[in-house]
Protein chains: 2
Amino acid sequence: MEMKSAIEALSALAQETRLSIFRALVRAHSPKEGEGGLAAGDIGAALDVPPATLSFHLKEMSHAGLVTSRRDGRSIIYKADLSAMRGLTEFLLEDCCGGVCGTVGTRQRKKECA
Amino acid sequence: MEMKSAIEALSALAQETRLSIFRALVRAHSPKEGEGGLAAGDIGAALDVPPATLSFHLKEMSHAGLVTSRRDGRSIIYKADLSAMRGLTEFLLEDCCGGVCGTVGTRQRKKECA
DNA sequence: TTTATAATTCTATAAGTATGAAAATATGGA
DNA sequence: TCCATATTTTCATACTTATAGAATTATAAA
């Protein structure tokens, strides 16, 4: 991940409606392809957001790579892209402590930085 | 962490100058109290940001809880607060897959979601 | 005390983002 | 085909955020 896409992802999350949408999609997530996620209408109903506003926000999140979508009949199912999240976290903590603490990359951490 | 502070932290990171500052502070981090971090002037010189602009951004980051500061003579040393980062990540991925994947909380993950 | 250095606050201007009503588009069923 | 449902696009308005020059405050050294 590089600067530009990291900023797009962070900007997409830095808004109350979008953050609520994302967290709802995380809860409804499934690691299985073609499963999990929520229909746009269900998100709008759950969070009480009008269709035009919801669509604007979902588009922002798609462009930022935070969600994917698939059509299911008349509905469009949105799903969180969690690999983007991991990439973002690694970008943020890259080379932490100049590399000596091992916060990013290794499974076995050397020190407790984050 | 709750919604409001998460949005403040995400907004603080969702801006090119501030994101560059944060990453520079992550590299210069030390887990030891009173060590690590960078003087405001050094950040400004490294990133070529005028003092007033830099000060504006550092204030945003302080208010968002992403950085702490301590005075050292005429300089003010800013340091990344990495515990805030961990709190933010946990907030974002809370109850992932309805809780079954164990992405947040447990050290030993059940599945690879993020 | 005077001077130099470091950082912040004030301020005006410029630029970017969110909202939701109305209209348009897409799908599936009668 | 015609109708109902689901979602997106368009658009005007309102709101929020970034920038950097000039003035101010704080610390340290001469």
Using five pairs at either end of the helix from C:dT1-D:dA30 to C:dA30-D:dT1, determine the angle between the two local helix axes and round it to 10 degrees.
->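 Between the axes fitted at each end of the helix from C:dT1-D:dA30 to C:dA30-D:dT1 lies an angle of 20°.
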Under 4.0 angstrom between [X] side-chain N/O and [N] OP1 or OP2:
| X | N | value |
| --- | --- | --- |
| A:Ser75 | D:dT7 | yes |
| A:Tyr78 | D:dT8 | yes |
| B:Arg18 | D:dA18 | yes |

Would you name the heavy atoms of A:Leu66 and A:Met85 that are closest together and state the gap between them?
->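 Minimum heavy-atom contact is CD2-SD, 4.5 Å.
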Pick one: which of A:Arg70, A:Glu35, A:Arg71 meets side-chain contact (heavy atoms from CB on, under 4.5 Å) with A:Ile77?
->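 Among A:Arg70, A:Glu35, A:Arg71, the one meeting side-chain contact (heavy atoms from CB on, under 4.5 Å) with A:Ile77 is A:Arg70.
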To the nearest 0.5 angstrom, please state how far the CG atom of A:Asp42 sits from the OH atom of A:Tyr78.
->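 A:Asp42 CG to A:Tyr78 OH: 13.0 Å, rounded to 0.5 Å.
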To the nearest 0.5 angstrom, please state how far the CG atom of A:Leu38 sits from the CZ atom of A:Arg27.
->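 Between atom CG of A:Leu38 and atom CZ of A:Arg27 there are 8.5 Å.
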ILVMFWY network linking B:Phe91 to A:Leu10, side-chain heavy atoms under 4.5 angstrom =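 Yes, B:Phe91 connects to A:Leu10 through the hydrophobic network.
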Within residues 51-61 of chain A: residues closer than 4.0 Å to DNA chain C (heavy atoms) |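 The stretch gives A:Ala52, A:Thr53, A:Phe56, A:His57 as the residues lying under 4.0 Å from the strand, ordered by number.
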Any donor-acceptor N/O pair, [X] side chain to [Y] backbone, under 3.5 Å:
| X | Y | result |
| --- | --- | --- |
| B:Lys79 | B:Ser30 | yes |
| B:Thr53 | B:Val49 | no |
| A:Ser55 | A:Pro51 | no |
| B:Arg23 | B:Arg18 | no |

Between P of D:dT8 and NE2 of A:His63, the distance in whole Å |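 To the nearest whole Å, that distance equals 11 Å.
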d(CD1, B:Ile76; P, D:dA26) in whole Å |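 To the nearest whole Å, that distance equals 11 Å.
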Could you list where the contact with chain A starts and ends along DNA chain C, reading 5' to 3', using a 4.0 Å heavy-atom cut-off?
->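 That gives a stretch of C:dA18 to C:dG28.
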pair A:Met3-B:Leu19: side-chain heavy atoms closer than 4.5 Å =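 They are in contact (side-chain heavy atoms under 4.5 Å apart), so the answer is yes.
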